[in-house]
Amino acid sequence: MATEAEPRTDEKQPTDIVPDPSRTDRAKVAFAAQRGHAGARIKDWLATADLDDADVVQLADRRKQAKHDDKIAQQQRTVAEAHGRFAHAKAQAEAGETRGGNLAALGGRVAAEESKLAALQSTVVMPATEREANSVRHGKKAGRAALLTVGSLATLPAASEAIEQATHGQPLLLAALGAAAGYGWYLVSRPFVAGQPSPDAPSMPVELAAPVDLTKQEAQAGGREFNAPPPPALTVQQLEEALRKIGMVKGDDQLQILAVPQREKDGNTTVVFDLPAGQKVATLQAKLEEFAGAIGRDSTMVDVEKAGSAVRTSLWIADEDPFENTRPSPLIKASSQIDAFKDGVPVGWGKRGNTIRIPISTSNIAIGGGTRSGKGVGASNLAIGSTFDPRINLRIVAGKNNGEWDPYAKAGIASTYFKPNPARLLALLQALLADKDRREAELGKLGKSKVVAPVIDQIGGIELLIIDELATYTRPGKPLQEEILEALVLLASVAAGAGMLMGVITQYPGADVFPTELAVNFTTKWAMRVDTAQQSNAILGAGSSGMGRDASKFDPPRPGLGWLVNPFAGLTDRARSFDIDQDERGEITMLLEKAAKIREAAGRLAGQWDDPIEKHLLNATGLSSAAGGPKRDGVPGRNVLNHTPEQRMQLEACRGALIAMNDLGRDVAQLDEMAQIIGGSMTSTRLGELLRAAGAGGVVKVVIEGRGRVNGYQRADIADALNLLEGN
């Protein structure tokens, strides 16, 4: 009997797949937690919470400095373009292609653009204000919001389709993108522990993530260790309390801080603030000693400057005395020519480490101080700096008979140099006054009321007369004291506009040596350590000590440290001269050798140019002090610089013969033995010719031990001839 066929058991039957409810719920919870962490991190990032106030201020400072640097770079390009146009127009005019009428306008533009560039380069970029810092933070927020907006487009279906098309469905590229996206999600979705992201990878479930140990751990090899910035040298509260102590802040008055105190790379601190209404920066500067004490510093460690308005203050604070250690002159490394008229000569440094330059252009200069105060080193910086500009005619009148100033003569740099000689100083002052009249006439022809840079060469350069130990000539009772003082006062009061300046050095600053009628015409003053406030006032001006500028109160006194006043550079503060040594290191000779090369190339060594001052002295006295005189030792003599070539050879022959006698150890010698010691191409015949022409006469009978009576010369005859040639 037939039965129903049983169903086939080999066919696959569909089955229902039921997901595990517990696993799905855990995934949703984990994803929700991750999404919460991601949202919190993104919100924190958008709010720039990762940038503290110090970071934002630094960003604002860098942005401000970068903008200033861009302005300078743009102005430099403008100056270069102006120079190019001027050079092209000049070449066309010289070639006869144009009349050159436009040259003056183009030259004026060059000068104007260079002036703008100099102004930009000298402008100090002030620290960022609070408003500028807030602007930087808002800019960061806006940039991050824009970045997130663009990034969010990738989540749209159209963006996903574009990614698919770009990768052409290639599995490896898709896998790489997927991995990058996954890692990015991991970074932003990690849980927060104690307000910070966990450094460890999260483990699932999220609530089981291990807590983070926030205690400081030892730095691992190759790892990074965070070093917190040092605390500010001065808090705002300490600043306000110090100003209250000295009466600059009263009652409910408060400071407006524009740039918070923050240590700079060199460890110093600068803070910019506005004083309360009714107070001025100048008042705070006058109270600098009291203020420095109130904040626990020496006055050399504190600097106050006006930062724009009368109340806006730039306060600089150091933890160490900036004048404690000596510094070498920058000229030791830089041997190139400088512009002493426009840029000035480097003489020392100020509190903030800035190089101080004194221009040789508009002001007479007085340097005073007691014994071993360093005034001589300060004067050396001034004199040596001036030699690096060949347009400066340096004339030196020494106050002592030592060799302190001899290197300037030996290098051929000093246009005039002589040692104590009141009569010659008076003659020199009269020569300078006469040349003043010539210069003023030249300026009149050029249509100028005073010397300006383009006409310096046309009037004969800038005259700089340095008188060392002024008291040697101006102290009551000294020879020709009244006549010399009268000429000094006249020259100081009327000759600066004609490019004739003086620098005086005195160890005895007082009204009898440096009287008011003379001192008033010396607007650049450098007062180093003195004994009394009266002596300090004699240099710096009456009442200076009452305003805090007292050179008798340096504690501790340091050689070369003094109060320097230069109104043309806007400077009234302490400065220390660069350390230049001659006796042990020979630095003055080395620097003057560099300067001599510059001057020789320009044709401005003594004897290379027609010097009206030395010509006047030669006519008045019959003696020359050009380059220190015949022996270059500060003793005037016959005008050796104008000797004929034959006379110069006679001089060298006489000197060589005397040296030969010294080597032989006797006062008589024969021509052949002297010629052999002199060496070179010198023969006995030529030596005899030169000695006879010099006035030493012919050979005479002399007695030489071991030879008897022979033909030769006696020392006295050759020495007399040499003295005659040298004008002694």
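Applying the salt bridge (charged side-chain N to carboxylate O under 4.0 Å, His left out) rule to E289 yields the partners R574; only residues at least two apart in sequence or on another chain are considered. Checked against salt bridge (charged side-chain N to carboxylate O under 4.0 Å, His left out), R585 has the following partners two or more places apart in sequence or in another chain: D579, E587. Evaluation of the ring pair (Phe, Tyr, Trp, His ring centres under 6.0 Å) rule for F341 yields no partner, not counting sequence neighbours. For R327, the side-chain contact (heavy atoms from CB on, under 4.5 Å) criterion is met by W349, F578, not counting sequence neighbours. The salt bridge (charged side-chain N to carboxylate O under 4.0 Å, His left out) search around D321 returns R558, not counting sequence neighbours. Applying the side-chain contact (heavy atoms from CB on, under 4.5 Å) criterion to E442, with sequence neighbours excluded, gives R438, K445, I459. Scored by the side-chain contact (heavy atoms from CB on, under 4.5 Å) test, P515 finds L485, E517, L518 as partners (sequence neighbours excluded). Under the rule for a side-chain contact (heavy atoms from CB on, under 4.5 Å), the partners of Q608 that lie at least two apart in sequence or sit in another chain are E600, L605. In this structure T621 satisfies the side chain to side chain donor-acceptor pair (under 3.5 Å) test together with R424, sequence neighbours excluded. For the salt bridge (charged side-chain N to carboxylate O under 4.0 Å, His left out) test, residues two or more places apart in sequence or in another chain that qualify with K419 are D406.
In this structure, the separation between CG on L428 and CG on L617 is 5.5 Å, given to the nearest 0.5 Å. Rounding to the nearest 0.5 Å places CG of D339 at 10.0 Å from CZ of R357. Atom OH of Y417 is separated from atom NZ of K410 by 9.0 Å, given to the nearest 0.5 angstrom.
Side chain of R576 to backbone of P559: a donor-acceptor contact under 3.5 angstrom is found. In terms of modelled atom types and a separation under 3.5 Å, the side chain of K351 and the main chain of S299 share a donor-acceptor contact. Side-chain atoms of D435 do not come within 3.5 Å of backbone N or O of A431 as any donor-acceptor pair. In terms of modelled atom types and a separation under 3.5 Å, the side chain of N364 and the main chain of L501 share no donor-acceptor contact. Proximity of a side-chain donor or acceptor of D389 to a complementary backbone N or O of A340 within less than 3.5 Å is detected. Listed for the T589 side chain is no donor-acceptor partner under 3.5 Å among the backbone atoms of G586. Judged by distance alone, the side chain of D298 and the main-chain N or O of M301 form no donor-acceptor pair under 3.5 Å. S624 places a side-chain N or O within donor-acceptor distance of the main-chain N or O of A626, the cut-off being under 3.5 Å. Side chain of N381 to main chain of V377: a donor-acceptor pair is present (N/O by atom type, distance under 3.5 Å, no hydrogens or angles). Using a distance-only test at 3.5 Å, with no hydrogens or angles considered, no donor-acceptor pair links the side chain of E483 to the main chain of L426.
Summarising the geometry of S314 relative to T270, their closest heavy-atom pair is OG-CG2, 4.0 Å, with the distance given to 0.1 Å. Of all the heavy atoms in R529 and P557, the pair that sits closest is CD-CB, 3.4 Å.
Residues E614 and S625 bring a donor and an acceptor atom of their side chains to less than 3.5 Å of each other. A donor and an acceptor atom, one from each side chain of N537 and S545, are located under 3.5 Å apart. In summary, the side chains of Q74 and D70 do not present any donor paired with an acceptor at a separation below 3.5 Å, with no hydrogens or angles considered.
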Please assess Q481 against T474 for the test side-chain hydrogen bond (donor to acceptor under 3.5 Å, both in side chains), listing each intermediate value before the final yes or no. CA-CA 5 Å; Q481 181 258 352; T474 62; over 6 Å; no

Working for side-chain hydrogen bond (donor to acceptor under 3.5 Å, both in side chains), residues T523 and S363: CA-CA 6 Å; T523 48; S363 171; 2.6 Å; yes

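Residue pairs satisfying the side chain to side chain donor-acceptor pair (under 3.5 Å) criterion with at least one member in residues 453-470, sequence neighbours excluded, are listed as follows: N393-E463, R395-E463, W405-D468. Evaluation of the side chain to side chain donor-acceptor pair (under 3.5 Å) test over residues 497-507, restricted to residues two or more places apart or in two chains, returns T371-Q507.
The side chain to side chain contact (heavy atoms under 4.5 Å, CB included) test with V397 singles out one residue from I466, L425, T416, N421, and that residue is L425.
Counting non-hydrogen atoms of neighbouring residues, nucleotides and ligands closer than 6.0 angstrom, the CD atom of E440 exceeds 12 such neighbours.
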